[in-house]
Amino acid sequence: MNKVKKGFPKNFLWGGAIAANQAEGAYLEDGKQMSTADIKARGFFGGIRRDADYYPTHKAIDFYHKYKCDLKLFAEAKFNIFRTSINWTRIYPTGLEEHPNEKGIKYYKEMFGYCHSLGMKVMVTISHYETPLYLVDHYGGWDNRKFIEFYMKFVKTIVDELKDDVDYWLTFNEIGNAAVKPICWDAAGIDPESKNLLQRMYQAAHHQFVASALAVKYIHENAPLSKVGAMIAYKTVYPYTCDPKDVEAAENAKRKEYFFSDVQVRGYYPSYIWKYFEDHHINIEMQIGDEEIIAAYPVDFITFSYYRSRVVRASEEEPSEITTNTLEGLTNPYLPKTAWGWSIDPLGLKLALKDLWDRYQKPLFVSENGLGATDELTADFKVHDSYRIDYMRKHIQAMKEAIEEGVYLFGYTMWGPIDIVSNGTGQMSKRYGIIYVDLDDDGNGTGERYKKDSFEWYKNVISNNGESLK
Ligand code: BG6
């Protein structure tokens, strides 16, 4: 009997993913107020600045007004799923209002309805790096327990109002980044320069675990047809050498990342984390009932972003922060790199899928993957991005092989199907899209959209359900 699964399953979900703050613009329109993303200036993790001359998210690519044209292009590329986030500050502009902003609800209702009318399912990230700035300014970050309450008010509103328009919910984008400097600002509103940073970051993560479990509970009880997933940032880890010390260092690094999915999927703090907490003087304050809530409401499925792998060595101090634009630790001599220094490692994706499947046996979904590159728009408005096609082909091939090797994978949303503002650098010139947007790093340009060569290629792949990747 041959039980090998050949190719992608029949109902495989193919599409693209964006975040509201990186695409919508209209940052103060229709009642919206500032989020944590809106004070990030340009440059590596922008710096949290109140006095910059330019903030890329304020205008972004104006998806807020242009979504119909953009979604039509996604439908033309045969997407059957679209992932985006709901910008919290469109629904609760400061986070403290008693009643939600009707205009914000209307916007998402219409946009999601439009997706469905075009044949695309909707996956929503509830919190994707856009916490109301007012809350952070007045209550600190997610290490303040009050954020569970603020978040749940937001969750209840969007679930009550939009449950018929959303197919999949993700509770927090890349939840583990709550404990990584400087992206803890994005993920948890924690100032990366604050004192007792590790303590603050892990306390914030604890509150997000509780909030995530409460969101799962609420969605299951009130929108029983939709599923709720985790979203983690996955970077396949390799030991620098076969020296057992390096292998152990790599295992420790893996555990630090798995901690977040372990809690969300298994429903409890893994025993290994207590030693890490002890060694780093981290003392998590839990309230009675927290552990029960986390245990009772694990996620239904796991999604993850995958861009690159990394190398770990015992003699190097494990980096506790992202220190350069490359996000890389040690260089892997076997792998090419992008212009932004990220390793290109399709096999790392296959390993990620196999590892996650073996560890959890929960349905998997690749919710972000792609190549950030500089593109050139030719005089006849073409973009010949064979490098992007090559990147995507190899990563999709890796998923196909993982499926053959027994992994249960049900969907793939490439990152930034239309060029958007980079989260890490605020650049427009770091482009991921199969659709080019004519805007530069200063926001100058026509804003016109043009299909790149990768558009036709991805459309063909989706049309034949990944059978041929030519
Ligand atoms: C992920 C984030 O970490 O990586 C996205 O969820 C982000 O918001 C993406 O845009 C790519 O990173 P960057 O820095 O190239 O935009």
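Whatever order the structure lists ligands and atoms in, that order sets their numbers, starting from 1.
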Task: Numbered atoms and elements of ligand 1 in range of W342, under 4.0 angstrom, heavy atoms - done: 12 (O), 15 (O)

Open item on the list: Check for me whether R431 meets the cation-pi criterion with Y436, that is, NZ or CZ under 6.0 Å from the six-membered ring centre and within 45 degrees of the ring axis.
Closed with: yes

Task: Proximity of Y307 to ligand 1 by residue part, where a heavy atom lies under 4.0 Å - done: side chain

Open item on the list: Can you name the atoms of ligand 1, numbered from 1 with element, that are less than 4.0 Å from a heavy atom of N423?
Closed with: 7 (C), 8 (O), 10 (O), 13 (P), 14 (O), 16 (O)

TODO: Decide whether an N or O pair under 3.5 Å exists between S305 and ligand 1.
DONE: no

TODO: Could you say whether the N/O atoms of N177 and ligand 1 ever approach to under 3.5 Å?
DONE: no

Task: Neighbour count >12 (heavy atoms, 6.0 Å) for atom OH, Y218 - done: yes

Task: Gap separating the OH atom of Y234 from the OG1 atom of T303, nearest 0.5 angstrom - done: 14.0 Å

Open item on the list: Under a 3.5 Å cutoff, is there a donor and acceptor pairing between the side chains of Y360 and S261?
Closed with: yes

TODO: Indicate, as side chain, backbone, both or neither, the part of S422 found under 4.0 angstrom from ligand 1 when only non-hydrogen atoms are considered.
DONE: both

TODO: Output the list of atoms in ligand 1 that are nearer than 4.0 Å to some heavy atom of G424, sorted by atom number.
DONE: 13 (P), 14 (O), 16 (O)

- [ ] Using a strict cut-off of less than 4.0 Å between a Lys/Arg side-chain nitrogen and an Asp/Glu carboxylate oxygen, indicate whether D262 and R266 qualify as a salt bridge.
- [x] yes

Task: Region of N173 that comes within reach of ligand 1 [heavy atoms, distance under 4.0 Å] - done: side chain

